[in-house]
Enquirer: 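Attaching a single structure in structure tokens format; questions to follow.
Lettering of chains follows the sequences in order, A, B, ..., and the numbering in each one begins at 1.
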Protein chains: 2
Amino acid sequence: MQSYTEENYLKTIYHLAERTTNVQTNAIAEQMQTKPASVTDMIKKLADKGLVDYIKYQGVTLTETGKNTAIDIVRKHRLWEVFLVDKLNFKWDEVHDVAEELEHIRSVELIERLDEFLGFPKADPHGDPIPDKNGRFAKTQFIKLIELKVGDSGTITGVSQHSSAFLKHLEKLGLTLGKQIQVSDVTDFDGSVEIRLSDKQVNISREVAKHILISSNGKN
Amino acid sequence: MQSYTEENYLKTIYHLAERTTNVQTNAIAEQMQTKPASVTDMIKKLADKGLVDYIKYQGVTLTETGKNTAIDIVRKHRLWEVFLVDKLNFKWDEVHDVAEELEHIRSVELIERLDEFLGFPKADPHGDPIPDKNGRFAKTQFIKLIELKVGDSGTITGVSQHSSAFLKHLEKLGLTLGKQIQVSDVTDFDGSVEIRLSDKQVNISREVAKHILISSNGKN
DNA sequence: TTAAATTTTTAGGTAAATCTAAAAATTTTT
DNA sequence: AAAAATTTTTAGATTTACCTAAAAATTTAA
């Protein structure tokens with residue numbers, strides 16, 4: 001059984017490991033809003049418990065056990081987000097902090113029943129996949145909107161940026177999950193993208209387009 | 001903002017204060033499964049924060065602020081219990097420990113929306129009243145089953161014992177909240193009580209009868 | 001391939017919440 | 001109203017998760 005803090009470290013390491021193999025001390029410290037010295041302390045503790053592999057100065061990787069623990073926390077976080085949005089009518093930009101607390105509630109029974117109550121959702125309100133109780137993720141096939149060519153179309157199925165500002169912006173533009181879109185133009189000048197929705201056209205910056213994930217429905 | 005531990009102390013003191021005015025160090029220690037010395041330390045801290053009034057060797061009482069904080073935790077605990085039973089199909093004897101964790105989640109928005117989602121319940125699955133968001137309790141008029149005379153009838157509206165063993169026992173006998181009952185006999189020998197339900201008769205010990213709360217529907 | 005910059009670790013400390021053992025105050029009993 | 005029993009507090013440690021400052025290792029640049 002881990003403390004909340006240990007769980008948060010494991011989760012952070014898990015997410016950082018999606019980009020790099022060996023996760024660096026400084027990266028963890030920045031993510032967790034703490035100091036590198038504190039991270040070193042905790043890493044040693046997690047290594048003693050067999051949750052991470054650690055070689056001095058070489059960063060950490062999660063062990064099988066550590067990874068399973070992290071995935072379980074991710075599962076809980078995402079299920080609670082679905083609960084907050086689907087049942088309590090929170091907006092997708094309001095759920096992160098509360099889920100950050102709820103994810104640490106320890107009861108296997110609770111999460112299984114919650115999962116069932118929610119209808120075994122496969123993705124959270126931002127389109128991130130929810131692992132099943134065995135830690136397995138459904139395969140997802142995303143492509144970044146920025147990579148689409150003029151004329152390509154697809155469905156918005158996720159975002160790779162969870163900041164409230166970004167999510168509110170998308171909401172305002174009508175770019176929410178499930179929306180059908182087609183790229184109608186890409187501006188030479190700044191790379192901004194013009195998008196056709198069922199009922200309107202909107203223009204988004206390159207930066208925004210980078211963080212919208214599309215599941216293409218056939219095409220090119 | 002209090003730590004989980006501080007919240008638990010406040011809640012414990014609140015419940016103990018329902019029976020005695022000045023709450024004793026030892027009583028808190030026993031309830032919280034800790035040592036009196038630890039309680040003294042924490043009491044000092046709570047006193048410094050203005051959450052309890054404390055005179056050495058004289059026990060503690062909650063201040064207005066302390067009491068409000070405690071009531072807020074009680075509110076959260078009971079709302080989560082309703083959620084667990086009504087929405088996730090937990091039994092009334094299974095919810096306590098999980099609610100004990102959930103009660104510490106800090107989000108006013110969450111609790112208000114949960115309250116609404118649950119239909120603003122007035123009582124938890126054990127019949128305990130749920131304070132509203134201003135900390136006010138609906139007036140309740142309970143009488144212990146043991147105090148009823150032969151012939152008296154009423155509705156089971158609460159229990160004053162939350163142990164799993166007790167609750168499972170009641171469940172098995174069919175003595176659940178909302179059931180109409182009438183006292184058909186009281187045994188001289190051991191004070192056990194015979195109860196008529198709509199479809200059957202059951203016999204319960206004095207000890208059990210002490211912990212069943214009845215709202216009388218007119219009578220005697 | 002040294003020097004400089006960066007990253008990481010070590011050493012030594014702090015605050016929160018706990019503990020044990022012993023001292024002090026209060027309450028109960030005789 | 002002493003003596004005995006009980007309750008409560010103090011004193012001094014421990015553990016967890018932090019911190020700062022300085023040392024050590026690694027990486028990057030000159």
Side-chain angles (χ1 to χ4, degrees), chain A residues 1-17 19-62 66 69-70 73 100-101 103-104 106, chain B residues 1-17 19-62 66 69-70 73 100-101 103-104 106:
Chain A
M1 175 136 298
Q2 291 78 226
S3 68
Y4 283 18
T5 309
E6 287 169 344
E7 289 188 353
N8 283 331
Y9 270 91
L10 292 174
K11 187 184 58 166
T12 297
I13 294 166
Y14 175 78
H15 286 308
L16 289 170
R19 314 215 134 266
T20 47
T21 322
N22 273 47
V23 179
Q24 302 196 115
T25 304
N26 267 2
I28 299 170
E30 190 186 1
Q31 193 68 29
M32 299 206 55
Q33 312 250 63
T34 185
K35 305 291 162 177
S38 308
V39 174
T40 303
D41 282 352
M42 181 55 83
I43 280 172
K44 283 180 185 165
K45 190 177 169 190
L46 294 174
D48 286 347
K49 291 192 173 190
L51 296 164
V52 300
D53 289 320
Y54 168 57
I55 306 167
K56 268 193 197 176
Y57 294 98
Q58 303 303 128
V60 282
T61 51
L62 293 172
T69 307
I73 298 160
E100 206 75 354
E101 288 196 60
E103 72 189 4
H104 298 292
R106 279 174 232 287
Chain B
M1 176 132 301
Q2 290 78 227
S3 68
Y4 283 18
T5 309
E6 287 169 344
E7 289 188 351
N8 283 330
Y9 271 91
L10 292 174
K11 188 184 56 165
T12 297
I13 295 166
Y14 175 79
H15 286 309
L16 289 170
R19 315 214 134 267
T20 46
T21 323
N22 274 47
V23 178
Q24 301 195 117
T25 304
N26 267 2
I28 300 170
E30 190 185 0
Q31 193 66 30
M32 299 205 56
Q33 310 250 61
T34 183
K35 304 291 162 179
S38 309
V39 174
T40 302
D41 283 350
M42 180 55 84
I43 280 173
K44 283 181 185 164
K45 190 178 170 190
L46 295 174
D48 286 347
K49 291 192 174 188
L51 296 165
V52 300
D53 290 320
Y54 167 57
I55 307 168
K56 268 191 200 177
Y57 294 98
Q58 302 304 129
V60 283
T61 51
L62 293 172
T69 306
I73 298 159
E100 206 76 351
E101 287 196 60
E103 72 190 4
H104 298 292
R106 279 174 231 288

Enquirer: Can you name the residues that form a side-chain hydrogen bond (donor to acceptor under 3.5 Å, both in side chains) with A:Lys49, not counting sequence neighbours?
Expert: A:Glu6

Enquirer: Using Watson-Crick and G-U wobble pairs with both distances under 3.5 Å, what is the 5'-to-3' dot-bracket string of DNA chain C, with [ ] for crossing pairs and | for pairs outside the strand?
Expert: ||||||||||||||||||||||||||||||

Enquirer: Respond yes when some side-chain nitrogen or oxygen of A:Lys44 is under 4.0 Å from OP1 or OP2 of C:dT9, and no when none is.
Expert: no

Enquirer: I'd like a list of close polar pairs between nucleotides 20-25 of chain C and the protein, N/O only, cut-off under 3.5 Å.
Expert:
residue : atom : partner : partner atom : Å
C:dA25  : O4'  : B:Tyr57 : OH           : 3.3

Enquirer: Would you tabulate the side-chain donor-acceptor contacts of residues 23-40 of chain A under 3.5 Å, counting partners in other chains and residues two or more places apart, or write 'none'?
Expert:
residue : atom : partner : partner atom : Å
A:Thr40 : OG1  : A:Pro36 : O            : 3.2

Enquirer: Report the residues that fulfil side-chain contact (heavy atoms from CB on, under 4.5 Å) with B:Asp41, sequence neighbours left out, ordered by chain and then residue number.
Expert: none

Enquirer: Among the nucleotides C:dT7, D:dT9, D:dC19, which one has an atom lying closest to any side-chain atom of A:Asn26?
Expert: C:dT7

Enquirer: So which protein nitrogen or oxygen atoms get under 3.5 Å of nucleotides 1-3 of chain D's nitrogens or oxygens?
Expert:
none

Enquirer: Give A:Tyr54 one of three labels, base, sugar-phosphate or nothing, depending on what nucleic acid heavy atoms sit under 4.0 Å from its own.
Expert: sugar-phosphate

Enquirer: Who pairs with B:Tyr4 by side-chain contact (heavy atoms from CB on, under 4.5 Å), at least two apart in sequence or on another chain?
Expert: A:Tyr4, A:Glu101, B:His104, B:Arg106

Enquirer: Using a cut-off of 4.0 Å on non-hydrogen atoms, how would the nucleic acid contact of B:Thr25 be classed: base, sugar-phosphate, or nothing?
Expert: sugar-phosphate

Enquirer: Under 4.0 Å between a side-chain N/O of B:Gln24 and OP1 or OP2 of D:dT8, yes or no?
Expert: yes

Enquirer: Heavy atom of residues 5-12 of chain B under 4.0 Å from DNA chain C: which residues?
Expert: B:Thr5, B:Tyr9

Enquirer: Return each pair, listed once, that meets side chain to side chain donor-acceptor pair (under 3.5 Å) where at least one residue sits in residues 53-62 of chain B; pairs must be two or more places apart or across chains.
Expert: none

